[in-house]
Amino acid sequence: MSWRQIHRWLGLSAGTLALVLGLSGTLLAFDPLQQAWLAQPAAPELNVATLVERVARTVPGAQEIRRLPSGGIVVFGFDGDQAQASYVDPADGRVLGAYQPSALPRWVKNLHRALLLGDAGRWGAAGVALAMALLSASGLVLLLRRMGGWRQLGARVRGTLAQRIHVLSGRVVLALLFFSSVTALVMSSATLGLVPLDAAEPEVASVATGRAALPGAALAPLQSVPVKNLRRLSFPDAADPTDTWQIVTADGSGWIDRYTGRMLAWQDASLAQQVNDWAVVLHTGEAAWPWALVLAFVGASVVLFWASGVVIWWQARSLVPRIANNSAPGEADAMIFVASEGGSSWGFARTLHDALVRNGHRVHSAPLEDFQTTAATRLVFVLAATYGEGQPPAHARDALARIGALDAGAARVAVLGFGDRQFPAFCAYAQALDQTLRARGWPMLLPLECIHQQSAQQFARWGETLAKALGEPLALQHVPRLPPTTQLTLVSRQDYPGVDGQRAAILRFCWPALGTLARWRGQGLGAFEAGDLIAIVPPGGGVPRYYSLASSTADGFVEICVRQIPGGLCSTHLLELQPGESVAAFIRANPGFALPRAPSSVVLIGAGTGVAPLAGFIRRNRRRTPMHLFFGGRDPARDYYFGPDIERWRAQGQLASVHTVFSRVNGGGGYVQDALQRHAEHLRKLLAAGAIVRVCGSHAMARGVAEALDAVLAPLRLSVQQLKAQERYAEDVF
């Protein structure tokens, strides 16, 4: 079982009980604050013998003195036949008032420690504590994977409001929750008798000497113990001449002869007792009220974890579509197996499933971990997404090993990968599946194909290749299952004539304000950064088109740069849009392209409208991090996008240097890769000093840039591939 599955199922199964314990723990954390407020602590130099003398004068019938974790002194005894407990002032023994814990804290403690169910509830509470420890450990593993390791743990979090709340609260309190769970387990083991805290008490007795018993103030052992170390002091029973004084401190327990004042026996506190004592302090905040405030915060965070986790689970669950006409495995001549992290790959699987069914195939679609073939199987399709650094989706963690152990069947196989080219391990899991199937001898229907950023157009082209291989018509017109869209209203536009009739514009939209509940549900745009992608859904065209953002949430607007694509439905619509008109849109995070929090310097390389996200990086460069821009266009008079802004940012120090080239004018400098070669020495110094690189533009441009940089880096014995492995180089290509 994967960490994600452990985290998900523990959260769903034990989440409600954990919520109860978290809320009750929050309430209990305020008890040490109240106790500390009421306490009259003893002076540091006061010893127990002097305290006994003062108490004996003011509280007749005293039988026990107890020092509370808050430092307050409570005396227990009898007034006639009436039991009493009183706070006393250790400075003079004066009674301050009755000691009577309120019923509410007792009820909450019973709920927190035993779920109001006695011994069975204590076992239940211990089980929840164990579940919380595993939940915290699995959550920490998933958090590190999501954020890209310890170094990126403090990076900005993106996604829906529920995802951001879950990650942000987890980033702060996961370790504390784990710590709290472990201390709860230590305390439970003692309460349930699983770990004995002390050895049996020694059989000791006071021996009557014919003399009167000594007063407590005269007992030498009590004179050497400061009150600050006292836990409990029990007076000898007046009716039993053999009874002894018993003192309990943090160091252990002692029994004192009432007639001679001699220490009859001493037991050091066991290691188990010491560990349990520390666990009590660390879990409850007793004797440390500032820590109790931290614990109250941790307990309250359980509510956020549980609620946001349930929302995230529900959102992910809703992404998995129901497959109609799903034949039984034994009857299907075509099998489709899916490995999907967020559910989007299932949408492509359904499109393929429906198309094959229309052609008369009997099709069975299932998760990849159910990979199998039968005598009826003729075709096998594997649709696999890659997660994180080349990892399989959580549910398919063991699928590769299972497939590698199977004998090859007669069915022809095609593997289709889904990923993002910005990550070094682009479609690595799909590649591993394809290699394993080939190594096992499965006949391959098609070469491996990898879909970049869930491109419906690329999927349709793969469908055309598949149709030729099958010898039958097959149209894969995939319409993604879109997340909720938000209407964005255009507020301004800057038009550029472009070259060869390919006009362009920088479009700025206002960012709509939504309530917290709507954002919690994943509605609206959510938080975004420059370099993230905004999907525009054109009227009458269900397939969204993605554009790199030139702005972030902090800017207060949404800005993109759009160039006319011949026959392009979305670009045509956007370029005809006038201020006041709206489009439907949603955000898709692009974390692999984001800048780290504090880079030493940044090399930005863009061509054409690819300068948009780079402009967004520069716009937010308030810390004046050295940024060096290489921009390539065709004609400075027609397509120098963000030109005035770039010059202003350079004058303000947000941009350290600018190198522009324009390929369609005399003396324009050629292409952007030519500029890189001309400034090779400067680039080598930057990259040798740890600069990171961001590249945005067409596939052809990105390839040319990579080749040019490989030549620039050769004297340093570096390469673009090495920079990618070091997470210093990322591309946003289209």
Side-chain angles (χ1 to χ4, degrees), residues 35 39-79 83-97 99 197-270 273-274 276-277 280-281 286-287:
Q35 295 297 327
Q40 291 285 344
E45 67 277 3
L46 182 65
N47 62 53
V48 174
T50 303
L51 177 63
V52 171
E53 180 186 16
R54 294 171 179 174
V55 167
R57 290 199 309 263
T58 58
V59 186
Q63 294 189 346
E64 181 177 288
I65 298 175
R66 189 177 300 174
R67 181 180 179 275
L68 302 178
S70 62
I73 304 298
V74 177
V75 178
F76 297 85
F78 282 89
D79 183 7
Q84 62 179 7
S86 305
Y87 278 111
V88 300
D89 187 340
D92 54 14
R94 179 170 48 92
V95 174
L96 300 174
Y99 170 72
L197 298 183
D198 284 319
E201 291 187 5
E203 295 184 4
V204 294
S206 296
V207 179
T209 62
R211 294 180 298 176
L214 295 173
L219 302 178
L222 299 186
Q223 294 171 355
S224 63
V225 178
V227 172
K228 64 182 181 181
N229 290 348
L230 179 67
R231 296 283 180 83
R232 186 181 75 250
L233 177 68
S234 298
F235 290 49
D237 186 351
D240 183 0
T242 65
D243 200 12
T244 65
W245 292 83
Q246 183 184 7
I247 185 170
V248 179
T249 71
D251 299 323
S253 302
W255 290 261
I256 304 170
D257 189 287
R258 67 194 298 177
Y259 302 107
T260 65
R262 183 172 60 89
M263 183 72 73
L264 298 174
W266 176 264
Q267 281 185 349
D268 287 328
S270 66
Q273 179 67 61
Q274 295 177 47
N276 186 73
D277 289 345
V280 170
V281 173
E286 291 181 351

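For the numbers below, each heavy atom of this structure counts, side chains included, while hydrogens, waters and symmetry mates do not.
The minimum heavy-atom distance between P202 and Q267, with the atom names listed, is CD-NE2, 3.5 Å. When all heavy atoms are compared, the tightest approach of T244 to S206 is CG2-OG, 3.4 Å. Summarising the geometry of A49 relative to G216, their closest heavy-atom pair is CB-O, 3.9 Å, with the distance given to 0.1 Å. Across all non-hydrogen atoms, the minimal contact from D243 to D237 is OD2-N, 2.7 Å. For A42 against P90, the heavy-atom pair with the smallest separation is CA-CG, 3.6 Å. Considering all non-hydrogen atoms of both residues, L233 and L222 come closest at CD1-CD2, 3.9 Å.
For D89, the salt bridge (charged side-chain N to carboxylate O under 4.0 Å, His left out) partners at least two apart in sequence or on another chain are R94. Qualifying side-chain contact (heavy atoms from CB on, under 4.5 Å) partners for V74, counting only residues two or more places apart in sequence or in other chains: L68, F76, A85, Y87, Y99. D240 is linked by a side chain to side chain donor-acceptor pair (under 3.5 Å) to T242, counting only residues two or more places apart in sequence or in another chain. With sequence neighbours left out, the side-chain contact (heavy atoms from CB on, under 4.5 Å) criterion links T58 to no other residue. With sequence neighbours excluded, the residues satisfying ring pair (Phe, Tyr, Trp, His ring centres under 6.0 Å) with W245 are F235. Remark: Q273 pairs with D277 by the side chain to side chain donor-acceptor pair (under 3.5 Å) rule, at least two apart or across chains. With sequence neighbours left out, the side-chain contact (heavy atoms from CB on, under 4.5 Å) criterion links Q63 to F78. The side-chain contact (heavy atoms from CB on, under 4.5 Å) test applied to A250 returns R231, not counting sequence neighbours.
Going from atom CD1 of I65 over to atom CG of L51 covers 4.5 Å, rounded to the nearest 0.5 Å.
Here the side chain of S253 pairs no donor or acceptor atom with the backbone of V248 at under 3.5 angstrom.
Listed by first and then second residue, the salt bridge (charged side-chain N to carboxylate O under 4.0 Å, His left out) pairs involving residues 249-268 amount to none (not counting sequence neighbours). Among residues at least two apart or in separate chains, salt bridge (charged side-chain N to carboxylate O under 4.0 Å, His left out) pairs with a member in residues 64-78 are E64-R66, E64-R232. Each ring-ring contact (aromatic ring centres under 6.0 Å, His included) pair with one or both residues in residues 246-267, not counting sequence neighbours, would appear here, but there are none. Screening residues 44-57 for side chain to side chain donor-acceptor pair (under 3.5 Å) gives N47-T50 as the qualifying pairs, with residues at least two apart or on separate chains.
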